[in-house]
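Taking it in order: structure first as structure tokens, then the write-up.
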Amino acid sequence: MKPRIIILMHYLELGGAEMSLIGLLNALDPAKVDVDLFIYCHRGPLMKFIPKWVNLLPENTAYAVIESPIAVALKRGHLGVVAGRLMAKLKCQQFRRHYPAKGDDAAILQYVADYVAPCLPRINPNVEYDLCISYLTPHNIGRDKVRAKKRLAWIHTDYSTVDIDVVRELPVWGAYDHIASISHDVTSSFLNAFPSLSDRIIEIENILSADFVHSRAERSVELPGTVRLLSIGRFCTAKNYDNVPDICRRLRLQGVDAKWYIIGFGGSEELIRQRIAEAGMEEHVILLGKKDNPYPYIKACDIYVQPSRYEGKSITVREAQILCKPVVVTNYPTASSQIKNGVDGVIVPLDNEGCARGLADFIADTALQQRIVDYLRIHDYANTSEVEKIYSLLK
């Protein structure tokens, strides 16, 4: 009898963790394992890419409203979820009065999980799984709502960049037999916060499907411009798109006729548009909005740029490498685990002036660009062999 796995995920929007989950599902072999997939809310353009052999469990409305507006949860009658979220907000505010946030405040997610999870029904309660994989924090649901012989929780975040309540999170992570980290740098930042969990860590690189990326890149799109730069990601603090207009302005002052296209959506859009206007870059920084299929745009650009303030390990950088595009990333804390500088991409300074100067130098160095493209053509960035580490947990 094949081992049976359940994988838990919030939704399947166009995010890095979501793309890596699709890659993992495509890498798993249905001859070796049975997989149940529980998506809390059945939304997002990647839902249609769940492999047919994977058993998608029905949506449960209590889970579906965890991240919905409170009015929606109230209208659907999930009073426990509403009460839990309100209590979580209150308790997190009390915590922050004593420990003010110094970066992105991720503590609220754990408070929500702690107060909402007790109100949720168990998942497939008649089944005991050989392995439960909780793919995105917080991990209370995988700990409390699934019967399993072993449990694996995933880290996708650089913990040096977010503020958490370590005391509150530790018991949740500690309930898992194994913790999957996507890179050495992510492991280091996580263990700085949770040193007692060092014996639980397994490094599992993000898995992508090269065939999936190439097949979806076949559609032709037009990106006008002499030098066409592209970035993809949520419009949020981490991605640093609010600084792109000033970087592009500085780049053009150095004589580079660049157009910088950005695919994405999110809460920072108004700020980004404001910065575009302030820099006078309306004709040169173009927001393309949300694209269900960004791959033709990667194929059409000249250079893919990840200008982030911080990353766990960027999926879109890897997708650009699969499509053999020269890649530039800023020097965020985990950049060196993403890029071999000068070999399969280039790392430039994070400050606007240094970033613009580094980009201009790279754009001018066509020989280096070609060497990088040649290197990418003969190296595997899909990492499908990483799936063996999942199988090893089942032995």
Side-chain angles (χ1 to χ4, degrees), residues 16 158 160-161 182-189 203 205-206 208 210 213-214 217 225-233 238-241 243-244 247-248 250-262 295 297-383 385-386:
D158 175 6
S160 69
T161 62
I182 59 176
S183 75
H184 174 72
D185 286 340
V186 167
T187 298
S188 296
S189 68
E203 288 189 10
E205 292 268 358
N206 287 318
L208 297 173
V213 172
H214 282 291
T226 305
V227 178
R228 299 162 301 172
L229 309 178
L230 177 69
S231 301
I232 301 172
K239 301 303 179 185
N240 198 30
Y241 294 152
N243 275 316
V244 164
I247 297 168
C248 191
R250 293 169 185 268
L251 196 57
R252 294 186 62 79
L253 286 174
Q254 294 179 67
V256 180
D257 185 15
K259 281 187 181 290
W260 196 324
Y261 296 90
I262 305 177
Y295 302 113
Y297 296 88
I298 299 176
K299 188 175 180 181
C301 79
D302 297 305
I303 296 172
Y304 182 82
V305 185
Q306 195 70 43
S308 301
R309 290 180 170 96
Y310 58 88
E311 290 282 345
K313 196 161 190 181
S314 171
I315 290 289
T316 48
V317 165
R318 290 264 306 287
E319 291 167 335
Q321 290 172 318
I322 286 172
L323 291 171
C324 296
K325 287 294 172 178
V327 170
V328 174
V329 306
T330 45
N331 193 24
Y332 46 80
T334 61
S336 61
S337 68
Q338 178 93 64
I339 290 291
K340 300 175 202 168
N341 191 28
V343 177
D344 61 358
V346 169
I347 301 173
V348 299
L350 180 53
D351 67 282
N352 291 2
E353 182 180 353
C355 181
R357 186 172 58 251
L359 270 169
D361 291 345
F362 184 56
I363 290 166
D365 195 342
T366 55
L368 175 57
Q369 291 181 45
Q370 189 58 53
R371 288 199 299 274
I372 288 171
V373 170
D374 291 343
Y375 182 91
L376 296 174
R377 283 184 178 136
I378 59 174
H379 287 81
D380 175 22
Y381 285 86
N383 286 336
S385 62
E386 292 290 283

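Residue indices begin at 1 and follow the sequence shown.
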Seminar exercise, completed: side-chain contact (heavy atoms from CB on, under 4.5 Å) filter on Ser160, not counting sequence neighbours, yields Asp158, Ser189, Pro333
Problem set entry | Any donor-acceptor pair under 3.5 Å from Ser231 side chain to Val305 backbone | yes
Exercise. For Tyr332 and Ser308, which heavy atoms make the closest approach, and how far apart are they?
Worked result: CD2-O, 3.6 Å
Seminar exercise, completed: Between the CD1 atom in Ile247 and the CG atom in Asn352, the distance rounded to the nearest 0.5 Å is 4.5 Å
Exercise. In Å and rounded to the nearest 0.5 Å, what is the CG to CD1 distance from Asp380 to Ile378?
Worked result: 12.0 Å
Exercise. Short question: side chain of Tyr304, backbone of Val329 - any donor-acceptor pair under 3.5 Å?
Worked result: no
For this session: State the CD1-CG distance between Ile339 and Asn331, to the nearest 0.5 angstrom.
Result: 11.5 Å
For this session: Please name all residues satisfying side-chain contact (heavy atoms from CB on, under 4.5 Å) with Val343, sequence neighbours left out, ordered by chain then number.
Result: Lys340, Tyr375
Problem set entry | Note: Asp374-Arg371 ion pair, threshold 4.0 Å (strictly below) | no
Problem set entry | Gap separating the SG atom of Cys324 from the CD1 atom of Ile298, nearest 0.5 angstrom | 12.0 Å
For this session: Working to the nearest 0.5 Å, report the span between OG1 of Thr316 and CG of Leu208.
Result: 10.0 Å
Exercise. Shortest non-hydrogen contact from Pro326 to Asp302?
Worked result: CD-O, 3.5 Å
Exercise. Side chain of Lys259, backbone of Thr226: donor and acceptor closer than 3.5 Å?
Worked result: no
Exercise. What's the verdict on side chain to side chain contact (heavy atoms under 4.5 Å, CB included) for Lys325 and Leu230, showing C-alpha distance, side-chain angles and the deciding distance?
Worked result: CA-CA 11 Å; Lys325 287 294 172 178; Leu230 177 69; over 6 Å; no
Exercise. Does NE2 belonging to His214 count more than 12 external heavy atoms closer than 6.0 Å?
Worked result: yes
Problem set entry | Donor-acceptor under 3.5 Å (Ser183 side chain, Val186 main chain) | yes
Problem set entry | Candidate pair Lys239 and Arg309, rule side chain to side chain contact (heavy atoms under 4.5 Å, CB included), full reasoning | CA-CA 6 Å; Lys239 301 303 179 185; Arg309 290 180 170 96; over 6 Å; no
Exercise. Going by the salt bridge (charged side-chain N to carboxylate O under 4.0 Å, His left out) test, which pairs reach into residues 342-360, not counting sequence neighbours?
Worked result: Glu353-Arg357
For this session: Kindly give the heavy-atom pair with the smallest separation between Ala217 and Leu323, and that separation in Å.
Result: CB-CD2, 3.8 Å
For this session: For residues Leu359 and Trp260, determine if any side-chain heavy atom of one lies less than 4.5 Å from a side-chain heavy atom of the other.
Result: yes
Problem set entry | Minimal non-hydrogen separation, Ala258 against Leu229, with atom names | CB-CD1, 4.3 Å
Problem set entry | Residue that, paired with Ile372, satisfies side chain to side chain contact (heavy atoms under 4.5 Å, CB included) out of Val327, Val346, Ile303, Asp365 | Val346
Problem set entry | Main-chain N/O of Glu205 paired with Lys313 side-chain donor or acceptor, under 3.5 Å | no
Problem set entry | Closest approach of Leu368 to Gly342 (non-hydrogen atoms, all atoms of both residues) | CD1-O, 3.7 Å
For this session: Report the distance from atom CD of Glu319 to atom CD1 of Ile232, rounding to the nearest 0.5 Å.
Result: 7.0 Å
Problem set entry | Ile315 backbone acceptor or donor facing Asn206 side chain under 3.5 Å | no
Exercise. Between Gln369 and Ile363, which heavy-atom pair has the shortest distance, and what is it?
Worked result: NE2-O, 3.1 Å
Problem set entry | side-chain hydrogen bond (donor to acceptor under 3.5 Å, both in side chains) assessment of Gln338 paired with Glu311 | CA-CA 9 Å; Gln338 178 93 64; Glu311 290 282 345; over 6 Å; no
